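Written out below as structure tokens is the structure these notes cover.
The structure displayed is predicted, hence computed values, not measured ones. The sequence lines fix the lettering, A, B, ..., with proteins before strands; numbering per chain opens at 1.
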Amino acid sequence: MKHEFASFEQKWQTLWEENGIFHAQDQSDKPKFYALVEFPYPSGAGMHVGHIKAYSGLEVVSRKRRMQGYNVLYPIGFDAFGLPAENYAIKTGTHPRVVTDTNIKHFSQQLKRAGFAFDWTRVVDTTEESYYKWTQWIFLKMFEKGLVFRDRAQVNYCPSCKVVLSNEDSQGGQCDICHTDIVQKTKDVWYLRITAYAEKLLQGLEEVDYLPNVKMQQENWIGKSTGAFVNFALSGVEDTLRIYTTRPDTLFGVTFMVIAPEHPLLDTYQDRIGNMDAILAYRDACAKKTEFERTQLVKDKTGVRVEGISAIHPITGKEIPLFISDYVMMGYGTGAIMAVPAHDQRDWEFAHAFGADIIPVIQGGNIEECAYPGDGEMINSDFLCGIKNKKEAISAMLTYLEEKGIGEAGVQFKMKDWAFNRQRYWGEPIPIVHCEKCGIVPVPFEELPLRLPVVENYEPGEGGESPLAKISSFVECHCPKCGGNAKRETDTMPQWAGSSWYFLRYIDPHNPQSLADYDKLKYWLPVDWYNGGMEHVTRHMIYSRFWHRFLYDLGVVPTKEPYAKRTAQGLILGADGVKMSKSRGNVIDPNDVIDKFGADTLRTYVLFMGDYGSAAPWSDSSMRGCKRFLERVADLESKAKGHGATPKLESAFHKTIKKVSSDIEELKFNTAIAAMMTLLNQIDDVGSLTLDELSVFVRLLCPIAPHLCEELWQRMGGEGFCSTAPWPVYDEAKTVDAEIEVAVQFNGKLKGTIMIPTGCDRDTALAIAKADEKISAQLAQVEIIKEIFVPGKIVSFVCKPKA
RNA sequence: GCCGAUGUGGCGGAACAGGCAGACGCCUCGGACUUAAAAUCCGAUGGGACUUAUACUCCCGUACCGGUUCGAGCCCGGUCAUCGGCACCA
């Protein structure tokens with residue numbers, strides 16, 4: 001067989017598809033395995049090699065599991081709502097539907113050319129009405145349960161894309177898509193109350209097997225802190241100021257209070273406040289700052305004293321000045337803090353800028369002495385004095401606060417509610433009607449899907465209005481409740497919506513009655529293994545875990561958590577060692593590689609190039625090495641004859657089966673391939689192998705280079721497809737050699753090696769070492785102090801030179 | 001600033017659980033085949049010393065400094081660098 005791989009790759013892809021060998025069965029006696037990869041956004045640029053690496057990991061695992069007798073579900077789909085298709089539509093006038101269909105076709109063709117064993121009968125497209133009907137359905141269910149709300153808010157607005165962006169989409173003060181600086185704007189925004197699920201999302205992490213850093217990033221994102229709420233009475237008005245603190249033990253060190261510039265207290269008591277003009281001026285100045293300016297740039301403390309109102313210390317009764325400052329955020333805690341400048345860096349800076357008192361309450365815990373207050377003896381703190389342990393001091397204070405009704409223990413989360421709307425055309429319409437009489441009314445479930453209307457012009461309206469707002473046939477409607485005139489919501493959902501539940505639809509992709517049949521969900525869930533990029537670990541994964549948990553509470557899905565296990569692949573960098581990008585011109589197109597080297601070479605190389613979880617630069621010559629390997633494998637055919645085992649190769653085969661089997665499960669494809677290369681070198685040294693051995697080799701390599709292996713399988717008369725042939729098994733006894741080589745050391749330095757029988761005892765090993773010509777000569781020069789034997793590892797002599 | 005990860009030849013990377021560092025591949029060099037080149041095959045390949053050369057032998061070597069141990073890429077303490085996450089979160 002000569003090495004024109006391209007000549008048969010397509011043949012096998014066609015045969016696999018015609019025979020449906022990668023179709024998952026909804027009922028089966030076999031154990032199930034649901035492997036999930038992040039479905040792509042079908043961009044106009046097509047796939048790049050990074051996609052190939054992203055899908056190759058679980059591709060290999062699930063192909064192996066299939067050969068091991070699992071009923072495998074390995075699906076693919078398209079996360080096809082999104083800005084690029086819409087921007088393209090604006091530019092060219094082509095309907096996003098048309099653009100999307102073209103792109104999906106292109107992506108599908110590329111995926112098929114790579115030979116991925118996806119179940120193509122289960123393809124999901126988030127932009128299809130039969131799909132987004134259920135995205136809208138889930139939204140309405142959340143509305144029903146009070147998890148959807150509308151609020152007027154300062155939002156991040158991209159003047160170029162003309163859209164409101166979430167904090168996540170505008171990190172660094174720039175639009176994620178076009179990198180224009182964002183500005184602040186007041187808008188009515190839809191929110192999903194994900195904060196109601198903060199605790200559940202945090203606890204759910206305990207029952208899943210995620211990579212440690214994945215888990216950590218999610219914990220950081222949720223950002224739970226435990227502390228206390230304390231109510232401070234105010235002087236001058238009949239009211240209290242409620243604050244949140246993680247350090248109630250430092251209550252006696254409070255010398256001033258700070259509230260956020262937007263704090264409602266200021267509006268309530270504007271008549272009492274002597275310097276309202278200055279306060280409003282400061283508030284305005286803050287409002288003009290973007291989130292970025294407020295948090296990243298300004299490190300100098302600014303603020304204004306609130307005149308006419310001050311706080312009363314709840315224990316000492318002392319009067320405490322009240323300030324506004326933008327270092328306190330309205331969106332966290334209560335938007336108000338008690339300032340303890342002796343033990344908090346930010347309060348300390350503010351106290352210095354504004355000349356406030358500083359009362360230390362923890363001995364040795366001053367800001368000036370150490371960066372952060374740790375354990376130390378409590379001082380200047382009435383009943384806490386003398387306590388030396390932070391935990392103890394906190395609990396003593398909490399007991400006091402609760403007894404006196406001043407405050408209570410509480411928790412806070414950094415996670416914010418999810419801004420759930422975009423002023424865009426190419427997204428799921430939010431199924432809500434605004435009625436003059438009834439207010440906000442949900443579209444009845446029977447009317448779903450609420451379809452996107454056909455429009456002429458995709459340009460967003462001025463001021464960030466959705467293009468849908470210009471379509472009166474869409475906007476004008478009747479209220480489902482009272483039948484009166486009403487207007488439809490014209491915002492659409494963000495792209496995160498469709499991807500929050502797609503793994504459920506794969507389980508029952510064509511179901512018109514429900515998002516998926518419960519029995520099927522029960523069979524397939526949870527996803528056994530989810531692999532994707534680190535960049536989706538917080539947003540997409542937390543959003544989808546939220547939706548899934550909500551559906552669980554609703555009784556729609558049978559598991560609390562959607563994903564049992566999560567891993568991540570590393571990037572493929574350009575040959576220059578830099579992230580691939582169009583602008584750098586270092587992007588590698590998988591189609592080009594397949595044209596020149598074949599899909600099997602591409603697959604082998606992306607898995608061989610390094611640790612699967614780490615980034616690695618592309619190298620054409622390294623890839624040629626993989627092609628050479630496959631060509632040498634193809635040549636094995638001419639060296640294979642007879643049956644049974646080749647004595648010189650038997651142990652090597654069993655060892656390789658063992659290593660490849662376990663390496664694949666650990667995503668260590670590079671060493672699995674290296675082990676097969678080593679075996680191939682050994683076969684070449686021997687010069688021949690049996691047909692039985694060739695069969696083992698071909699099946700071991702099949703998940704990685706399936707086209708070549710199918711071809712070889714067929715040529716050697718294998719039954720059916722190699723892709724569904726049984727995975728090779730090894731005999732543990734035959735992986736063990738009769739004799740092993742161990743090192744002999746003097747004082748830890750290598751002096752030689754000896755062969756000893758496997759499993760031999762200490763005396764035997766030492767005797768063999770001493771009998772060794774080279775070793776004995778050297779031993780004659782020294783005095784032995786101690787003899788060490790570690791079975792299977794080493795013989796070591798502790799010694800000193802003879803006097 | 002805080003949290004986490006990583007640091008090994010010319011390159012990508014191996015090394016189970018503290019036991020022969022550098023598997024496997026690439027690059028490079030030498031050889032075979034060829035009129036020639038490409039492809040392919042064979043051999044060498046961490047650095048250095050000794051040696052005419054080979055063999056032998058020795059020394060150095062896993063970011064840096066120190067420690068534990070018969071023995072450290074791996075464990076401990078410290079430093080530096082790179083990458084990622086969070087960041088005025090009270």
Side-chain angles (χ1 to χ4, degrees), chain A residues 3 171 211-221 223-225 227-228 243-247 250 258 260 294-296 298-301 325-329 331-340 343-347 349-350 371-372 412-416 534-535 537-538 573 577 604-605 608-611 613-626 628-629 631-632 635 659 662 666 668 670-681 684 741-753 774 784-799:
Chain A
H3 316 124
Q171 283 170 346
L211 287 179
N213 56 333
V214 170
K215 215 175 251 198
M216 188 199 70
Q217 283 193 28
Q218 294 202 7
E219 281 164 1
N220 283 348
W221 185 268
K224 182 178 180 175
S225 82
I243 61 97
Y244 175 73
T245 179
T246 54
R247 300 299 303 271
T250 61
V258 187
R294 211 170 134 157
T295 59
Q296 312 291 118
V298 186
K299 293 289 173 189
D300 292 333
K301 295 287 175 288
S325 174
D326 63 356
Y327 84 91
V328 174
M329 310 291 154
Y332 185 79
T334 60
I337 62 157
M338 61 179 215
V340 185
H343 304 292
D344 182 280
Q345 184 71 39
R346 297 149 302 171
D347 296 347
E349 287 164 13
F350 192 87
Y372 200 75
Q412 278 297 306
F413 297 92
K414 285 188 198 175
M415 187 165 68
K416 308 255 194 323
M534 281 307 292
E535 69 275 22
V537 149
T538 45
L573 306 174
T604 306
Y605 176 58
F608 183 67
M609 62 195 297
D611 174 48
S614 311
W618 184 265
S619 159
D620 268 330
S621 49
S622 281
M623 186 177 54
R624 272 193 288 274
C626 291
R628 268 198 283 274
F629 165 62
E631 284 168 344
R632 288 175 60 207
D635 276 343
K659 175 143 186 71
S662 61
E666 293 164 48
K668 289 160 76 172
N670 53 341
T671 51
I673 293 166
M676 287 187 271
M677 288 173 168
T678 305
L679 179 59
L680 179 62
N681 291 342
D684 277 357
E741 191 186 47
V742 297
V744 180
Q745 294 181 341
F746 284 22
N747 292 332
K749 291 200 174 188
L750 181 69
K751 293 292 171 184
T753 58
K774 210 161 114 187
I784 299 174
I785 297 164
K786 197 176 161 190
E787 294 168 340
I788 294 165
F789 172 62
V790 182
K793 305 263 183 183
I794 203 134
V795 171
S796 184
F797 295 103
V798 184
C799 53

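Projected onto RNA chain B by closest heavy-atom contact, A/F413 and A/K793 fall at different nucleotides, the more 5' of which corresponds to A/K793. Ranked by how close their nearest RNA chain B nucleotide is to the 5' end, A/G331 and A/F608 are led by A/F608.
Residue A/K668 has a polar side-chain atom (N or O) positioned under 4.0 Å from OP1 or OP2 of B/rA15. Side-chain N/O atoms of A/N220 include none lying less than 4.0 angstrom from OP1 or OP2 on B/rC2. OP1 or OP2 of B/rA14 lies within a sub-4.0 Å distance of a side-chain N or O belonging to A/N670. Note on A/Y244: every side-chain N or O is 4.0 Å or more away from OP1 and OP2 of B/rA90.
Atom C1' of B/rG30 sits at a distance of 40 Å from the matching atom of B/rG18, rounded to the whole Å. Distance check on atom C1': B/rU62 versus B/rG73 gives 5 Å, rounded to whole Å. The separation of B/rG4 from B/rG43, taken at their C1' atoms, amounts to 46 Å, rounded to a whole angstrom. To the nearest whole angstrom, the two P atoms, one in B/rG25 and one in B/rU35, are 31 Å apart. Of the C1' atoms belonging to B/rA17 and B/rA55, the separation is 38 Å, rounded to the nearest Å. The C1' atoms of B/rU57 and B/rG22 are separated by 22 Å, rounded to the nearest whole Å. Separating the P atom of B/rU28 from that of B/rA38 is a span of 11 Å, rounded to the nearest Å. To the nearest whole angstrom, the two P atoms, one in B/rU69 and one in B/rC74, are 16 Å apart.
With hydrogens and angles left out, the side chain of A/E741 and the base of B/rC20 share a donor-acceptor pair within 3.5 Å. Interface remark: the A/K414 side chain does not form any donor-acceptor pair with the B/rC86 base, using a distance-only criterion of under 3.5 Å.
Using a 90° window around 0 for the glycosidic torsion, B/rG9 falls inside it and is classed as syn.
Across all strands, A/Q745 comes closer than 4.0 Å to base atoms (heavy-atom distances). Contact annotation for A/D347: no contact, since no heavy-atom pair falls under 4.0 Å across all strands. Here A/A615 lies in heavy-atom contact (under 4.0 Å) with sugar-phosphate atoms only. A/K774 comes within contact range of the sugar-phosphate backbone alone, with a heavy-atom separation under 4.0 Å but no base atom that close. Note on A/T753: a base of the nucleic acid sits closer than 4.0 angstrom, heavy atoms only. Nucleic acid contact for A/S796: base, since at least one base atom lies under 4.0 Å from a heavy atom of the residue. As judged by a 4.0 angstrom heavy-atom cut-off over every strand, A/G625 is placed among residues touching the sugar-phosphate backbone only.
Between A/W221 and A/V537, every side-chain heavy-atom pair lies at or beyond the 4.5 Å cut-off. No side-chain heavy atom of A/T246 sits less than 4.5 Å from a side-chain heavy atom of A/Q412.
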A correct 5'-to-3' footprint of nucleotides 39-49 of chain B, with B, S and - meaning base, sugar-phosphate only and no protein heavy atom under 4.0 Å, is -SS--------
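Atoms CG and NZ, on A/D347 and A/K301 in that order, are 9.0 Å from each other to the nearest 0.5 Å.
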So what's the dot-bracket for RNA chain B: Watson-Crick or G-U pairs under 3.5 Å, [ ] if a pair crosses, | if it pairs off-strand?
(((((((..(((......[....))).(((((.......))))).((((.......))))..(((((..]....))))))))))))....
